[in-house]
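These notes concern the structure reproduced below.
We use all heavy atoms of the structure for the numbers below, so side chains are in, but hydrogens, waters and symmetry mates are not. Worth saying up front: this structure is predicted, and the values here are computed from it rather than measured. Lettering of chains follows the sequences in order, A, B, ..., and the numbering in each one begins at 1.
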Amino acid sequence: MQESYDVIVVGSGAGGGTSAYVLTHAGLKVLMLEAGRDYNPASETAMFNLPSAAPLRAAPTPDKPMGFYDATVDGGWELPNEPYTNAEGSEFHWWRARMLGGRTNHWGRFCLRYGPYDFKPYSRDGLGVDWPITYEDLAPWYDNVERLIGVCGANEGLENSPDSPPGLLLPPPPLRASEYFVKCGFESLGIPVATARLAILTQPYNGRPPCLYATHCFRGCAIGANFQTPTVLLPPARSTGNLQIRTRSLVYQIDVGKNGSARGVSFVDVHTGRHHSVRGKAVVLAASACESARILLNSRSGLFPQGLGNDHGLVGRYLTDSARARAAAYFPALEKLAPRNDDGVSMFHMYVPWWGYRGQARKELDFPRGYHIETFAGRVMPQMGDMDQYVDLCEAAYGSRLKEEMRSKFGTVFSFLGCGEMIPNEQSFIDLDPAVKDKWGIPALRFHWKWSEHEIRQVAHQRRTFLEVIDRLGGKPLDGTDTDGARAIIPPGNIHEVGGVRMGVSPRDSVVNSFGQTWSVKNVFVMDGGVFASHADKNPTLTIMALSWRSSAYLAEQARKGDL
Amino acid sequence: MTGPHEPRGLSRRTTLKWLAAAVMATPNYRQYRSARAQPIIYEPVSKGYGRDPDLNHPIVPWSRTMTARQLQLTAFLADLILPGTDSTPAPSALRIQDFVDEWISAPYPQQQVDRAAVLEGLRWLDAEAERRWQRGFLEVANSQQQQLLDETVAEYQTIPLEQAQQPELGAIFESVHEHFFSRFRSIVVGAYYTTQEGFRDIGYIGNVPLASYPPITEQEKTLLDTELRRLGILVR
């Protein structure tokens, strides 16, 4: 580690990886600090490994909460050395990864652009806030990201789900048979079905091979056929000669000089427990929405007694997550399909984009904003625990008849997951717990959470829609029949948390400007999901990357002008 | 054949701890009714594989803890649940009993709850066979084994889901065997179908590299279109 760098990037996930890529290519010397360990997908990914080769058949445990083969290292909803708390009445589950590449190693690779409405929600319905940018401002940066990482999908002219420039998307994989069946069900109800857009290669791309149509993306990808920063962004950033990465380095504070500018950051080496400081001309926080807010709140000094950027008490405010409900159903019609390979690209090949804009304009719906539906189906690799759903469908409790029935039931269960917009509210935020600290003595976060009526009603609509399509297709609901939104909504912690360091037009309404630059310290930037002013139904990763690219290009330009 | 019916490590205090853990960890624990055998005590051992295991060279760091008798009962019951056929192996041929042992010996909460249910269930089958027919479960006639299993299953299946609630601690003592059947079957079925042989049996033919992903075939489409017409979704 040198004494000083041009930019210190905190975090190596979607936001940090993009920023390091852009800044190093602009010629800036970058130090990336990652709290977790180094990680090499090429040698560490468990491609093709069978459940039977793993302890407990790879079932989830507290050590590996998403299963043994999940790519996540040292992660989960609870980290032994890094506690967080919930205020009374709140229930937020905070998923973290502690590894190079962060959560990009196991994410679903579902890549939707935010649309024009998503950036101006307040203008449309008077709720929440508008972003300080429009879709047009961000579109070229979406293009850059998609061109770099490779996204398969199709341009279908959807309302508020923008197309990409012609020729940019890779061809989508064809639908699975069960997806075709369910698609017809949705369409017969007047609900459109669209082609999924996924950061998974279906053709050779930029020296990377295409998907093998086997082994799940949650495991990561040893051949680099999907997007994760250690395979796609960090190698080219390193090859510029401008990037140094230090892992196991947990940043807890931005150090501010007497002139009010950031000097660098302080971090603890989680291996040795020793504290270090390093200097940089600029600091980019991309530690994840909540972790970046925590670092700002913990960066207290004489100049910033409430934390850096928190002069108006806005750091940690307006945290949001996806509003989700699920349901599953058994479809007898699918019993007739002969065994087929349903692996595909492991994620869904189709999805239901939000279709209710006109209904809302006609005031036919009792909630604002919308959701999309993700569907999971088919003859996917049997997992420990998953087979119970088929056992429950069988008449025989045991014996050769059970075995016989299992063959016909396998692959007939289809599940539906709604993913909806949450409107930022005053009751959902994070602050520092007054008592609890992590292993290294750094104050821990405390979560406060309340869904509003908007999300509760929307989730009830999700459930009613699921039941409608299940009924239309002659299915039998297995769970998720309760249409009471308050009971149906999945507790927050869906790993889509954004906000907390939101962008806006002035220090009175936001922590950062549209380039993620804090209003109070101009050489401190936030480039992760924290800056989201609001949270559309679309999964946030692609937008995190587009924003990070735009902000990093701005940062590089300021550096070139000597204006940091 | 009679073997050592009693597993090692008995202590009433530990049993109570186990059962308390079971109550805490199982939200939909069924309502238990009948009074039966007393539970036994089984110590968990060792630590888990940690939060950063080598995924490509996995190890199971804990020891298995079942007695020979428990393994015999497990293999026998597993084969009753998913019997072998001419074309598919029996669970015991895949050493599913060893996996059940690995599962219930693991130091994680779900596995520890299952440990209490499985070991108590196995013990109860022997004890009940002894009570009725003065011989162990493996030693009684096939018809008697079937009878006992059917009673267990019937009782398990007649409990309405709506009644499911966390029982008083004492209630678990009375009928662990009901919970036993549900959990034991789940572990066996999961273990069986997550093997290469299980994949073949149930018709999972993925996990092989492909150069391209095949679209729906004409035959599949015709079949599904027939269903869609029957449902009134397609009109032609």
Side-chain angles (χ1 to χ4, degrees), chain A residues 37 44-46 48-57 61-64 68-69 73-76 173-177 180-181 184-185 188 212-215 333 336-337 339-345 379 381-385 387-388 391 397-400 402-403 406-407 410-411 472-474, chain B residues 48-56 58-61 80-83 85 88 99 102-103 106 108-111 149 153 156-157 181 185-186 189-191 193-196 198-199 201-210 212-217 219-221 223-224 227-228 230-231 233-234:
Chain A
R37 74 155 167 87
E44 297 194 56
T45 310
F48 295 101
N49 302 33
L50 297 181
S52 53
L56 306 176
R57 295 285 202 266
T61 65
D63 279 338
K64 293 282 289 183
F68 190 78
Y69 290 131
V73 169
D74 287 328
L175 294 188
R176 299 169 177 95
Y180 166 74
F181 177 73
C184 292
S188 78
L212 298 166
Y213 306 104
T215 182
K336 298 182 175 143
L337 282 175
R340 69 188 313 283
N341 185 335
D342 278 343
D343 281 2
V345 296
R379 292 172 172 263
M381 182 190 279
Q383 303 293 329
M384 198 70 197
M387 304 313 282
D388 288 344
V391 173
Y398 67 94
S400 48
L402 173 65
K403 215 171 180 183
M406 286 294 281
R407 285 179 202 127
F410 180 56
R472 188 80 188 87
L473 288 162
Chain B
Y49 48 66
R51 304 173 74 87
D52 185 14
D54 183 340
L55 305 189
N56 285 309
I59 53 159
V60 179
L80 281 180
I81 290 172
L82 297 172
T85 64
T88 62
F99 176 74
E102 174 187 318
W103 184 274
Y108 299 111
Q110 174 65 53
Q111 284 69 24
L149 200 54
V153 173
Y156 160 69
Q157 288 185 329
F181 180 72
R185 184 177 56 179
S186 171
V189 166
Y193 290 114
T194 47
T195 59
Q196 201 68 265
F199 290 173
D201 185 339
I202 206 164
Y204 170 69
I205 56 173
N207 207 39
V208 289
L210 303 174
S212 64
Y213 185 68
I216 182 169
T217 64
Q219 195 184 9
E220 287 166 340
K221 185 162 184 304
L223 190 150
L224 289 175
E227 291 297 312
L228 290 164
R230 194 178 55 74
L231 292 161
I233 289 173
L234 290 188

Subject >> Pairwise side-chain contact, B:Pro53 with A:Phe68, heavy-atom cut-off 4.5 Å (strictly under) >> reply: yes

Subject >> Portion of A:Leu56 that has a non-hydrogen atom of chain B nearer than 4.5 angstrom >> reply: both

**OP:** With a 4.5 angstrom heavy-atom cut-off, could you sort out which part of B:Asp201 is near chain A: side chain, backbone, both or neither?
**Re:** both

Subject >> Which portion of A:Val391 sits near chain B, non-hydrogen atoms under 4.5 angstrom >> reply: side chain

Original post:
What pair of heavy atoms forms the shortest contact from B:Phe99 to B:Ala191, and how long is it?
Top reply: CD2-CB, 3.3 Å

Original post:
For chain A, which of B:Val208, B:Val189, B:Ile205, B:Val60 has the most heavy-atom pairs under 4.5 Å?
Top reply: B:Ile205

Original post:
For A:Arg340, is it the side chain, the backbone, both or neither that has a heavy atom under 4.5 Å from a heavy atom of chain B?
Top reply: both

Original post:
B:Tyr193 versus chain A, heavy atoms under 4.5 Å apart: side chain, backbone, both or neither?
Top reply: both

Original post:
A:Asp74 versus chain B, heavy atoms under 4.5 Å apart: side chain, backbone, both or neither?
Top reply: both

Original post:
Using non-hydrogen atoms only, which part of B:Leu223 is less than 4.5 Å away from chain A: side chain, backbone, both, or neither?
Top reply: side chain

Original post:
For chain B, which of A:Leu212, A:Asp63, A:Leu50 has the most heavy-atom pairs under 4.5 Å?
Top reply: A:Asp63

Subject >> Heavy-atom pairs under 4.5 Å with chain B, option from A:Arg57, A:Arg407, A:Met387 with the top count >> reply: A:Arg57

**OP:** Below 4.5 Å from any heavy atom of chain B, which atoms of A:Ala53 appear? Answer side chain, backbone, both or neither.
**Re:** backbone

Subject >> Spatial distance of atom OH (B:Tyr204) from atom CE (A:Met381) [nearest 0.5 Å] >> reply: 4.0 Å

**OP:** Quick one: do B:Leu55 and A:Glu44 satisfy side-chain contact (heavy atoms from CB on, under 4.5 Å)? Show the steps, please.
**Re:** CA-CA 7 Å; B:Leu55 305 189; A:Glu44 297 194 56; over 6 Å; no

**OP:** Could you look at B:Phe199 and say if it's the side chain, the backbone, both or neither that has a heavy atom under 4.5 Å from chain A?
**Re:** side chain

Original post:
How far apart are the closest heavy atoms of B:Ile216 and B:Leu224, and which atoms are they?
Top reply: CD1-CD1, 4.1 Å

Subject >> Interatomic distance, A:Met406 atom CE to B:Ile202 atom CD1 [nearest 0.5 angstrom] >> reply: 4.0 Å

Original post:
In terms of heavy-atom pairs under 4.5 Å with chain A, which of B:Ser186, B:Gly190, B:Pro214 leads?
Top reply: B:Ser186

**OP:** Determine whether B:Leu82 and A:Leu402 make a side-chain contact, defined as any pair of heavy atoms from C-beta on separated by less than 4.5 Å.
**Re:** yes

Original post:
Taking every heavy-atom pair that is under 4.5 Å apart, which of A:Cys184, A:Gly76, A:Gly185 has the most such pairs with chain B?
Top reply: A:Cys184

Original post:
Which residue out of A:Lys64, A:Met384, A:Arg37 racks up the most heavy-atom pairs below 4.5 Å with chain B?
Top reply: A:Met384

**OP:** Identify, with sequence neighbours excluded, every residue that meets side-chain contact (heavy atoms from CB on, under 4.5 Å) alongside A:Pro174.
**Re:** B:Tyr213, B:Pro215

**OP:** Return yes if a side-chain donor-acceptor contact under 3.5 Å exists between B:Asn207 and A:Asp343, otherwise no.
**Re:** no

